[in-house]
Structure formats: structure tokens, C-alpha cells
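Notes follow once the structure below has been shown.
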Amino acid sequence: MAQQNVVRKEAASVAFENVILDQPETGIYLLTINRPKVLNALNWDTVEDIERAVQSVSTDPGARVLLVTGAGDRAFVAGADITAMANYTPMQAKDYSLMALHAFRNLEDLPIPTVALVNGYCLGGGCELAMSCDWILASDKAVFGQPEVNLGVTPGFGGSQRLLRMVGKAMALELLTTGRQVKADEALRIGLVNHVIPAAELMEKAMEQARLIASKGPVAVRLTKEVAQRGQDMDLFNACVLEGEVFGLTFSTDDQKEGMRAFVEKRPARFTGK
Ligand code: DAK
């Protein structure tokens, strides 16, 4: 991807062994899975690096949005590293699965919006990683699938559950039990991705969306994600009560006063995140 052409470097990137954490603009983080020789396949160390990177973003109060992508122009992530796990014992396989489960859960629970930029193959563990982000932007070259049945295993990083919740039981089970791969246009139609973007424009469009999010009231953005995240597993009434309580909480912030004053004064708001 031609990301160097479209992002202004404002902070040094943090290089883990298998991922790169960059802050191309203030508050906008970019996590790149960086094993292009194996199409960014996820071995144990890579999942641990993802967890460390997510932890690092979670401790930055200035973080506004996290973009997640894969290095090179062929793959987001082509799955768990089959070579590495081929000879796992049952206990190693279980530990691997649970370790990834926690790492992906931490990504999901990050208190800022997270967006997967899928720039090629997005299979198995890769699709599970993308689905752990809040939404997916796909390039027109993206290919999605859960091909675990081809390998004689079930999904191990939450794919059977997250795909079910995203596209419904019938479509999820079709894809999970046939291993059929879907291209970007079908992924859009079934609700797996939010937008399909020409490959050369994917990073630029994602940065536009990230800047838009970063321009909004930071506390409101974080609380909106928190309500959606916590409310999705609650009954509707109690989830709405939670929303009402959080809505009340926003009236304790400078951002609420500034946002509403700016509307009345017919000028753009200057949010401080306080
Ligand atoms: N793992 C390891 N290496 C991979 C890989 C993967 N998932 N995907 C690709 N590679 C490597 C290839 O081996 C090749 O390496 P070299 O031969 O050059 O050394 C290099 O990346 C380039 O790939 P290809 O030469 O195959 O490139 P092609 O364009 O011909 O094909 C492809 C691209 C994406 C169609 C093909 O590489 C492919 O089918 N890859 C595997 C896709 C896949 O099946 N992904 C799902 C993996 S299973 C668990 C349970 C389940 C799981 C995890 C945990 N627990 C209970 C613990 C399963 C998760 C999965 O994700």
C-alpha cells in the first residue's frame, strides 16, 4: 500500500518483531501486521505483539482511533500460521486459541473506534482479527473466508461466533462449513464490510474517516463505543438505560458545553476531550 504518500508522520513508529505501531497523525494509530513473506500469517509471537501494541494504544489518553492493516499488497492476514501450529499438542492448541481470544478481546474492548483495512487475503485468523475491529473497510482486492474446515479444524480465534453475529447464522454456517471465500463485493452485500474502496485509495479513505472521528468530541466518541460494546449483550431496555446514564455523564464535560455553544454560535466546535 502507498501509505507513505498519504499520511503525515508525526510520531516515530514502534517496531515490535512482527507488527509495526505507527502514529501517522496525532491521535491516529496504525497497526500493521508485518510478516509479508507468509502473507502476514499469525504465529504465537505475532498475536502477542498485537496484544502488546493494543495495550500500548490503550494507555494513551490522546488516542482517537486505531487502524489495523497488513503489510504488502497481497494480504491483510492469510490466517493463523499453519506451519507453526501443524504439530501442536491439544494443550498447545488450546493455549494458542485462548491467548488469541484474550488479545482479540482486548482489541475489541479498546475504548476508541478500531477499523480493519483489508487489503487482500483475509482468511481464518485474519478474518477473525478483522472482525474483532469495530468495522471493516475492504479494498476491491480483498478476499474473505474461514477455510479452517479445509485443514480439518474449527475456527480457533472466535470466527464461528463473530461471523455468526455479523452476517447471521445461515450465511455464517454456509461460509464456515464450505470454506467458500467471498470477494469484497459479496462481503459488502452480506454485511461483513462497511465499504469497498479501490486498493490504491484504501489508506487515504481510511485516514479521512480517522480524521473525521478525531475531529469529534473525544469523550463522546469513547463513551459511544463503550455503550455499544457493553450494550450489545444486554437486553434492549437495560442497554437504553445505560445509554441514558452515559448521556447524562456527558453533561459533566467541557466538550458538551463547547459542542452545544458552538452550535448556537454557528461555528465549529473546539473540543478538548475534557
Ligand atoms: N500460514 C503459514 N504460511 C502461509 C499461510 C498461513 N496461513 N498463508 C500463506 N502462507 C505462506 C505460504 O506458505 C507461502 O510461503 P512460501 O512457500 O513462499 O515459503 C507464502 O505465504 C505465500 O503464499 P502462497 O505461495 O500460497 O501464495 P498464493 O498466492 O499461491 O496463495 C493463499 C495465497 C492465501 C490462497 C494461500 O497462501 C493459502 O491458501 N493460504 C492459507 C490460507 C488458510 O487456510 N488460512 C487459514 C488458516 S487456519 C485454532 C484452531 C484453528 C485455527 C487457529 C487456532 N486453535 C484451536 C488453536 C485456524 C486458524 C486459521 O487461520
Side-chain angles (χ1 to χ4, degrees), residues 1 16-20 31-51 54 68-108 116-133 136 138-167 171-187 190 192-193 199 202:
M1 304 182 76
F16 297 81
E17 197 182 330
N18 303 289
V19 307
I20 300 167
L31 175 64
T32 305
I33 314 304
N34 190 32
R35 300 183 77 213
K37 284 189 184 152
V38 288
L39 305 185
N40 305 316
L42 302 176
N43 61 5
W44 184 291
D45 290 347
T46 307
V47 178
E48 278 192 341
D49 281 354
I50 292 171
E51 174 136 45
V54 166
V68 181
T69 195
D73 59 5
R74 296 190 59 208
F76 174 73
V77 167
D81 189 321
I82 300 167
T83 314
M85 71 177 168
N87 295 315
Y88 273 1
T89 64
M91 283 309 290
Q92 284 173 321
K94 174 173 168 267
D95 288 347
Y96 185 37
S97 182
L98 292 181
M99 191 268 289
L101 180 75
H102 287 295
F104 288 13
R105 178 62 187 253
N106 289 341
L107 171 62
E108 204 166 39
L117 316 190
V118 173
N119 48 325
Y121 287 112
C122 182
L123 303 173
C127 194
E128 292 164 311
L129 174 65
M131 290 189 293
S132 300
C133 294
I136 301 172
S139 94
D140 52 4
K141 302 232 163 61
V143 178
F144 297 83
Q146 296 287 161
E148 287 85 349
V149 286
N150 297 335
L151 303 167
V153 294
T154 61
F157 299 161
S160 63
Q161 304 310 309
R162 288 197 177 92
L163 190 62
L164 194 76
R165 285 159 175 74
M166 287 187 78
V167 305
M171 181 56 77
L173 275 179
E174 182 199 323
L175 298 181
L176 289 162
T177 59
T178 61
R180 181 168 75 82
Q181 298 179 6
V182 301
K183 293 185 178 161
D185 54 350
E186 185 176 356
I190 65 177
L192 184 56
V193 311
L202 180 62

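Start at 1 and go down the list; that is how both ligands and their atoms are numbered. Excluded from the calculations below are hydrogen atoms, water molecules and symmetry mates; all remaining heavy atoms, backbone and side chain alike, are included.
Within 4.0 Å of atom 48 (S) of ligand 1, at least one protein heavy atom is present. Counting only heavy atoms, the protein never gets under 4.0 Å from atom 30 (O) of ligand 1. In this structure, atom 26 (O) of ligand 1 has no protein heavy-atom contact shorter than 4.0 Å. For atom 7 (N) of ligand 1, a protein heavy-atom neighbour is found at a distance under 4.0 Å. Distances from atom 16 (P) of ligand 1 to the protein include no heavy-atom value under 4.0 Å. Per-atom contact check: atom 12 (C) of ligand 1 does not touch the protein, criterion being a heavy-atom distance below 4.0 Å.
Ranking the protein heavy atoms by distance from atom 51 (C) of ligand 1 puts Thr154 O, 3.1 Å first. Ranking protein heavy atoms by distance to atom 21 (O) of ligand 1, first place goes to Val38 CA, 3.3 Å. The protein heavy-atom contact nearest to atom 57 (C) of ligand 1 is Ala93 O, 2.7 Å. Atom 37 (O) of ligand 1 has as its closest protein heavy atom Leu39 CD1, 3.8 Å. With hydrogens left out, the protein atom closest to atom 20 (C) of ligand 1 is Lys37 O, 3.4 Å, a heavy atom. What sits closest to atom 43 (C) of ligand 1 on the protein, heavy atoms only, is Ala78 O, 3.6 Å. Here the protein heavy atom with the shortest distance to atom 38 (C) of ligand 1 is Leu123 CD1, 4.9 Å. Nearest protein neighbour of atom 46 (C) of ligand 1, counting heavy atoms only, is Pro147 CG, 3.6 Å.
At least one donor-acceptor pair closer than 3.5 Å links the side chain of Asn119 to the backbone N or O of Gly72. Of the possible polar contacts, one joining the Ser132 side chain to the Glu128 backbone as a donor-acceptor pair under 3.5 Å is found.
The closest side-chain heavy-atom distance from Glu48 to Asp45 is below 4.5 Å. Under the 4.5 Å side-chain criterion, counting only non-hydrogen atoms from C-beta, Leu101 is not in contact with Arg105. Under the 4.5 Å side-chain criterion, counting only non-hydrogen atoms from C-beta, Phe144 is in contact with Val193. Put simply, the side chain of Leu39 does not reach to within 4.5 Å of the side chain of Leu123, judged on heavy atoms. Contact annotation: the side chain of Lys94 never approaches that of Pro90 to less than 4.5 Å [non-hydrogen atoms, C-beta and beyond].
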Open item on the list: Before you tell me yes or no, could you show the steps for Asp95 and Tyr88 under side-chain contact (heavy atoms from CB on, under 4.5 Å), namely the whole-Å CA-CA distance, both residues' side-chain angles and the distance that decides it to 0.1 Å?
Closed with: CA-CA 10 Å; Asp95 288 347; Tyr88 273 1; over 6 Å; no
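At a 3.5 angstrom cut-off on N or O pairs, Gly125 counts as close to ligand 1. For ligand 1, the polar-atom distance check finds an N/O of Ala80 within less than 3.5 Å of one of the ligand's N/O atoms. Looking at ligand 1, you won't find any N or O of Gly156 less than 3.5 Å from one of its N or O atoms.
With ligand atoms numbered from 1 in the order given, ligand 1 contributes 1 (N), 2 (C) to contacts under 4.0 Å with heavy atoms of Asp81. Taking a cut-off of under 4.0 Å to the non-hydrogen atoms of Arg74, the atoms of ligand 1 that pass are 27 (O), 28 (P), 29 (O). Atoms of ligand 1 lying under 4.0 Å from any heavy atom of Leu151, numbered from 1 in the order shown and given with element: 47 (C), 48 (S). Counting atoms of ligand 1 from 1 in the listed order, those under 4.0 Å from a heavy atom of Ser97 are 55 (N), 57 (C).
Residues Thr46 and Asn43 bring a donor and an acceptor atom of their side chains to less than 3.5 Å of each other.
The environment of CZ in Arg180 is crowded: more than 12 heavy-atom neighbours from other residues, nucleotides or ligands sit within 6.0 Å.
Between Phe104 and Phe157, the ring planes are perpendicular. Angles over 60° get that label, and only those under 30° would be called parallel.
Of the residues listed (Asn40, Asn34, Asp49), the one engaging Asn18 in a side chain to side chain donor-acceptor pair (under 3.5 Å) is Asp49, and it is the only one. Screening Ile136, Leu129, Val143, Ile33 against Phe76 for a side chain to side chain contact (heavy atoms under 4.5 Å, CB included) leaves a single residue, Leu129.
The minimum heavy-atom distance between Val47 and Ala103, with the atom names listed, is CG1-CB, 3.8 Å.
With a heavy-atom cut-off of 4.0 Å, Met85 touches ligand 1 through its side chain alone. At a heavy-atom distance under 4.0 Å, only side-chain atoms of Phe157, from C-beta outward, approach ligand 1.
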